[in-house]
Amino acid sequence: MDGADRSGEGLAVEERIEQRIGAWPADAGEARALQERLAPLVRQEALDTGAVSLVAGLDVAYAPGDDRLVAAAVVLAAPEWEAVDSATVVSRPRFPYVPGLFAFREAPALLEAVAQLRTAPDALVCDGFGLAHPRRFGLACHVGLALDRPVLGVGKTPFVGRADAPAPERSSWTPLLDGGEVVGRCLRTRSGVKPVYVSVGHRVDLPSATALTLRLTPHYRLPEPVRQADRLCRKRLAAA
DNA sequence: GCGACAG
DNA sequence: ATCTTGTCGC
């Protein structure tokens with residue numbers, strides 16, 4: 001009754017992250033070492049995507065002038081994917097932008113936004129990558145381990161690896177290969193439109209991540225949750 | 001050594 | 001990510 005086991009309530013987000021995924025890195029070297037240490041903890045498992053009814057989308061917008069950023073988390077409900085909950089957080093980057101260390105920049109604010117949600121999503125979608133990362137531990141993996149929930153990453157441009165162009169029809173895909181390893185899929189979410197790159201974050205496997213991404217793209221190239229989160233953080237940034 | 005490099 | 005107008009096409 002003294003709050004010793006209140007699951008991190010009242011703690012700073014960075015402290016909660018430390019509880020879940022380790023000490024906060026002081027520099028890029030430590031950050032890379034942390035990723036290498038955590039990468040083996042990512043679990044790939046089948047997800048019953050048909051049973052998924054609440055999906056959260058995560059995204060961040062940056063202020064042009066100062067160093068403010070706004071992180072947004074939006075929860076959408078199947079089957080129409082209308083927004084049922086959302087939260088935004090105004091923060092500052094705690095890490096410089098370094099390709100491959102992207103998560104140290106955005107994850108703290110994103111996790112804080114997720115913590116403010118009143119609805120627990122069945123799965124989350126990040127604007128970025130998971131295993132399709134130099135050390136197999138991108139943003140979606142950071143978020144997945146921190147929350148211990150199913151998370152997948154959907155990127156707009158390739159980062160690591162290469163893939164042949166998938167056929168022009170929606171739902172066609174090709175493996176994203178890096179060093180002879182399948183790290184994700186290049187997936188056509190809309191016929192005749194530039195494909196996206198799907199990868200595993202945590203507690204989901206590639207087939208499930210692909211199926212869920214297709215279910216989340218009934219109208220546009222990017223998953224509906226990510227689009228909504230993008231809209232919200234931009235709007236919040238303009239208002240602030 | 002050089003280039004490329006999620007958002 | 002953000003800076004930026006119009007323009008072509010469904």
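Treat the numbers as computed from the prediction; the structure is a model and nothing was measured. What's counted below: heavy atoms across the whole structure, side chains too, no hydrogens, waters or symmetry copies.
Here A/Leu101 lies in heavy-atom contact (under 4.0 Å) with a base. A/Leu69 comes within 4.0 angstrom of no nucleic acid atom, judged by non-hydrogen atoms across all strands. When heavy atoms are screened at a 4.0 angstrom cut-off, A/Pro158 is found touching the sugar-phosphate backbone but no base atom. Contact annotation for A/Phe102: base contact, defined as any heavy-atom pair under 4.0 Å involving a base atom. A/Gly100 comes within 4.0 angstrom of a nucleotide base, judged by non-hydrogen atoms across all strands.
Following rounding to the nearest Å, A/Leu110 (CG) and C/dA1 (P) show an atom-to-atom distance of 14 Å. Distance CG (A/Leu139) to P (B/dG7): 10 Å, rounded to an integer number of Å. Atom CG in A/Asp230 sits about 15 Å away from atom C1' in B/dA6, given to the nearest Å. What separates CZ of A/Arg234 from C1' of B/dG7 is a distance of 11 Å, to the nearest Å. Here the C1' atom of nucleotide B/dG7 and the CG atom of A/Asp59 are 8 Å apart, to the nearest Å. Look at CZ on A/Arg105: it is 11 Å from P on C/dT2, rounded to the nearest Å. Note: OH (A/Tyr197) to C1' (B/dC5) measures 14 Å, nearest angstrom. Computed from coordinates, the A/Phe104 CZ to C/dA1 P distance equals 21 Å when rounded to whole Å.
To the nearest 0.5 Å, atoms CZ (A/Arg37) and CD (A/Glu30) are separated by 10.5 Å. The CG atom of A/Leu139 sits 12.0 Å away from the CG atom of A/Leu101 when rounded to the nearest 0.5 Å. Taking CG from A/Leu232 and CZ from A/Arg227, the interatomic distance works out to 13.0 Å, rounded to the nearest 0.5 Å.
Using a 4.0 Å cut-off, no side-chain N or O of A/Lys156 falls inside it from OP1 or OP2 of B/dA6. Of the side-chain N and O atoms in A/Tyr97, none sit less than 4.0 angstrom from OP1 or OP2 of B/dC5.
With C/dC3, B/dA6, C/dA1 as the candidates, the nucleotide lying closest to the side chain of A/Tyr62 is C/dA1. Nearest to the side-chain atoms of A/Ala61 among the listed nucleotides B/dG7, B/dC5, C/dT2 stands C/dT2.
Ion pairing between a basic and an acidic side chain is recognised when a charged N comes within 4.0 Å of a carboxylate O; A/Asp178 and A/Arg162 show no such pairing.
Side-chain polar atoms of A/Tyr97 and A/Glu106 form no donor-acceptor pair below 3.5 angstrom.
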